Participant: 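Below you will find the structure I want to go over with you.
Note that these values count all heavy atoms, side chains included, but never hydrogens, waters or copies made by symmetry. Remember, predicted model here, so these are calculated numbers, not experimental data. Whatever order the structure lists ligands and atoms in, that order sets their numbers, starting from 1.
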Amino acid sequence: APIASVRLMAENLERGKISEPAKQGEYFRFIVQECRRLSSLIENVLDFSRIEQGRKQYEFEPTNLVALVETTVKLMEPYAKEKGVKLETSNIQHPTSNTELCVDGRAIQQALVNLIDNAVKHSSKGETVTVGLEINNGGDMATINHQPSTINLSVADHGPGIPAAEQEKIFERFYRLGSELRRETQGVGIGLSIVKHIAAAHGGRVRVESEVGKGSRFIIELPMQRSA
Ligand code: ADP
């Protein structure tokens, strides 16, 4: 569907059928936006097949996660705006803590894009999606339980939420909620399985906190010291 509508719009522009400058601008913006989404979909599909074949490689290098979150939010802003959803960051500046971590920046960005894309997709007009970065030193209990300190990237929405029974399954490949016939959202069901793979490749994990009717919060937990 996105390819068909991009083609239709480009053809109409090419044939000079759209003369009004405002309408032209609207068409151009739509084309750019849809091409971005298609690129990200193709990247997901390619990565998915690399993961399936065990050929996905990661390149780890010191990366400032605050800057990465900011860039990613900027990248997704036009998409959120188009859907009438407000995209904001919350508490991502941590002046006294080190937010630099050895990660594959592109992969972490892709994981965040997938989560933000889902959050916006499942939000209604006028709702807010919040992206956060929390440093979890875990406190005393974590030290006692030998839990590592983590940097947590989170994406929260006020959408329909996910029933408890489905909260594990949504991370499986091709798993989508509801029946195939009355789907309200587009997708193929690989986004979250890729996020899960990316988190695991960093020695971390992804989990969801969600309540039906209230919304969802996805959290990527990245350990601060990665064992080699
Ligand atoms: P896709 O979005 O292509 O269906 P995903 O793997 O990204 O695939 O998501 C799997 C399923 O999890 C979705 O079909 C949807 O039912 C559910 N889901 C994901 N994110 C959210 C969210 N923020 N709110 C509600 N449901 C969600």
Participant: At the 4.0 Å heavy-atom cut-off, does Val188 count as touching ligand 1?
Facilitator: yes
Participant: Quick one: which of Glu166, Arg217, Arg176 has a heavy atom closest to atom 4 (O) of ligand 1?
Facilitator: Arg176
Participant: Out of curiosity, Arg205 CZ to Thr150 OG1, how far, rounded to the nearest 0.5 Å?
Facilitator: 8.5 Å
Participant: May I ask whether Gly159 has any heavy atom positioned less than 4.0 angstrom from an atom of ligand 1?
Facilitator: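 No, that is not the case, since the closest heavy atom of the residue is not under 4.0 Å from the ligand.
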Participant: Using a strict threshold of under 4.0 Å (side-chain N to carboxylate O), is an ion pair present between Lys125 and Glu127?
Facilitator: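 A salt bridge is absent here (no side-chain N lies under 4.0 Å from a carboxylate O).
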Participant: As an exercise, identify every atom of ligand 1 less than 4.0 angstrom from a heavy atom of Ser216.
Facilitator: 24 (N)
Participant: Once salt bridge (Lys or Arg N to Asp or Glu O under 4.0 Å) is applied, do any residues pair with Glu100, and if so which ones, sequence neighbours excluded?
Facilitator: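 Testing Glu100 for salt bridge (Lys or Arg N to Asp or Glu O under 4.0 Å), a comparison that skips the adjacent residues, returns none.
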Participant: Taking 4.0 Å as the limit for heavy-atom contacts, which would you say applies to Ile162 with ligand 1: side chain only, backbone only, both, or neither?
Facilitator: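 The answer is the side chain.
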Participant: Contact between ligand 1 and Phe218 is defined here as a heavy atom of the residue under 4.0 Å from a ligand atom; is it met?
Facilitator: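 Right, Phe218 reaches ligand 1.
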Participant: Going by an N to O cut-off under 4.0 Å, is there a salt bridge joining Asp157 and Arg217?
Facilitator: no
Participant: Taking it one step at a time, do Gln110 and Asn44 satisfy side-chain hydrogen bond (donor to acceptor under 3.5 Å, both in side chains)?
Facilitator: CA-CA 8 Å; Gln110 186 187 3; Asn44 266 345; 3.0 Å; yes
Participant: Would you say Arg173 touches ligand 1, if touching means a heavy atom closer than 4.0 Å?
Facilitator: no
Participant: Which ligand 1 atoms does Leu177 reach within 4.0 Å, using its non-hydrogen atoms?
Facilitator: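 Near Leu177, the atoms of ligand 1 are 14 (O), 16 (O).
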Participant: Has Lys86 got more than 12 heavy atoms of other residues, nucleotides or ligands less than 6.0 Å from its NZ?
Facilitator: no
Participant: With a cut-off of 4.0 Å, which atoms of ligand 1 are near a heavy atom of Ile190?
Facilitator: 6 (O), 8 (O)
Participant: Where on His122 is there a heavy atom closer than 4.0 Å to ligand 1, on the side chain, on the backbone, on both, or on neither?
Facilitator: side chain
Participant: If we only count N/O pairs under 3.5 Å, is Gly161 in contact with ligand 1?
Facilitator: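 No - when backbone and side-chain N and O of Gly161 are compared with those of ligand 1, no distance drops under 3.5 Å.
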Participant: Which of the atoms of ligand 1 are close to Gly189, meaning less than 4.0 Å from one of its heavy atoms?
Facilitator: 1 (P), 3 (O), 4 (O), 6 (O), 8 (O)
Participant: Can you tell me if Glu88 uses its side chain to pair, donor with acceptor, with the backbone of Val129 under 3.5 Å?
Facilitator: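 Side chain of Glu88 to backbone of Val129: no pair is present.
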Participant: Under 4.0 Å, heavy atoms only, figure out whether ligand 1 is touched by the backbone of Asp117, its side chain, both or neither.
Facilitator: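 Asp117 to ligand 1: no contact under 4.0 Å from either part.
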Participant: Do the charged groups of Arg7 and Glu11 touch, with an N to O distance under 4.0 Å?
Facilitator: yes
Participant: Of the listed options (Val155, Val129, Asn118, Ile170), which comes nearest to atom 7 (O) of ligand 1 when hydrogens are ignored and any heavy atom counts?
Facilitator: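 Result: the heavy atom closest to atom 7 (O) of ligand 1 is in Asn118.
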Participant: Please check if the number of heavy atoms outside Glu14 that lie under 6.0 Å from its CD is greater than 12.
Facilitator: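 Result for CD/Glu14: open.
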Participant: Could you give the distance from CG (Leu41) to CZ (Phe48), rounded to the nearest 0.5 Å?
Facilitator: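 Those atoms lie 12.5 Å apart.
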Participant: Output the list of atoms in ligand 1 that are nearer than 4.0 Å to some heavy atom of Tyr175, sorted by atom number.
Facilitator: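 Those of ligand 1 that fall under 4.0 Å from Tyr175 are 10 (C), 11 (C).
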